[in-house]
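Below you'll find the structure, written out as structure tokens, and then a few comments.
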Amino acid sequence: MENVKEFIATEIEKIKKQINGKAIIALSGGVDSSVCAELAYRAIGDRLYPIFIDTGFMRKNEPEQVKAAFSHMNLQVIDASDRFFTAVKGITDPELKRKAIGETFIKVFEEEAKKIKADYLIQGTIYPDVLESEKGIKAHHNVGGMPEKMEFKGVVEPLYYLYKDDVREVGRELGLCVALSERMPFPGPGLSVRAIGEATREKVAAVREANAIVEEELMEKFKPWQAFAAVIGKGTGIKNDERIHGWIVAVRAVDSDNAMTAEPLNLPFETLIRIQQRITSEIPDVCRVVYDITSKPPGTIEFE
Ligand code: XMP
């Protein structure tokens with residue numbers, strides 16, 4: 001992106017021309033959809049209907065943050081967590097899990113689009129999503145998934161050719177709240193892909209707390225590209241003098257330029273110990289914490 005001001009002005013004009021009616025966008029609370037929604041709002045104002053679907057796989061306090069940040073728009077908040085947990089019940093295969101979540105998302109979104117009678121769909125797809133989906137590396141549920149079944153006059157993807165850093169620059173220029181524009185990337189299927197195996201409510205609740213601790217301990221001080229926690233299985237441990245079969249939490253912190261490759265952060269040992277102590281003491285069912293030192297490739301950033 002050569003010039004951010006020019007990009008914004010051009011995209012706003014394009015959206016104005018493309019959309020003559022109502023448009024919807026699925027707002028996730030992540031950088032891409034937030035920036036995209038703000039851009040579209042500048043173009044079509046109240047004809048934009050951002051829909052925030054609470055899948056139950058959101059980060060800690062995320063629904064509240066999104067409601068506050070987008071209260072100036074026609075925001076629709078839908079609590080669909082029961083439907084999502086039912087959809088992933090018994091599923092342990094990562095791609096099937098993504099598929100179940102993607103399909104449920106489309107169903108819920110479709111229902112809302114019908115209620116609103118939206119003519120256009122706006123999506124916050126960015127270039128790395130496109131590349132990875134093309135290569136078949138991962139089924140990003142926000143690429144090409146929605147339009148197929150839904151009948152819109154058109155699909156608008158203003159960030160299609162941008163990388164994450166460009167998107168953040170656009171967010172800053174649009175005056176988006178820092179908590180959103182500077183927020184690290186977060187996968188479309190949310191914490192479900194960090195609850196390895198079956199994503200039960202119980203496991204996701206533990207992952208949510210662990211993610212919040214990792215964010216608090218690492219983001220400001222070390223400014224990694226991405227840092228998070230995942231529950232990767234169960235192991236034996238001792239808590240309150242009793243032997244338990246508790247969760248194993250993996251901490252991941254990586255640096256990257258564009259998410260296509262990544263390197264683990266060389267964190268001080270005392271930081272890792274502090275994270276371990278907080279996670280095992282603040283989350284009842286966790287008895288073990290490990291640090292992932294894998295690069296991408298051969299690993300991916302997420303565990304699933
Ligand atoms: P991986 O795990 O493939 O992830 O190295 C690369 C980047 O993409 C994020 N990610 C996703 N983002 N929908 C998204 O919008 C998804 O399904 C998805 N899966 C992974 C991941 O967090 C990392 O930043």
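Both counts, for ligands and for their atoms, begin at 1 and track the order of listing.
Using cut-offs of 30° and 60° on the angle between ring planes, the pair Tyr161 and Tyr127 is tilted.
Distances from atom 17 (O) of ligand 1 to the heavy atoms of Lys164, Glu302, Arg98 show the closest one on Arg98. Ranked by closest heavy atom to atom 7 (C) of ligand 1, the top entry among Gly188, Pro297, Ala259 is Ala259.
Less than 4.0 angstrom separates some heavy atom of Pro185 from each of these atoms of ligand 1: 24 (O). Residue Lys296 has at least one heavy-atom neighbour below 4.0 Å for each of these atoms of ligand 1: 1 (P), 3 (O), 5 (O), 6 (C). Residue-ligand proximity, Gln226 to ligand 1, at heavy-atom distances under 4.0 Å covers atoms 21 (C), 22 (O), 23 (C), 24 (O).
Within 6.0 Å of the CD1 atom in Ile293, the count of heavy atoms belonging to other residues, nucleotides or ligands does not exceed 12.
The distance between the ring centers of Phe70 and Phe52 does not fall below 6.0 angstrom.
With Asn211 as the partner, the side-chain hydrogen bond (donor to acceptor under 3.5 Å, both in side chains) test is satisfied by one option alone out of Arg194, Glu216, Arg59: Arg194.
Between the side chains of Ser295 and Glu263, at least one donor N or O sits under 3.5 Å from an acceptor N or O.
Considering backbone and side-chain N/O atoms, Ile301 comes within less than 3.5 Å of an N/O atom of ligand 1.
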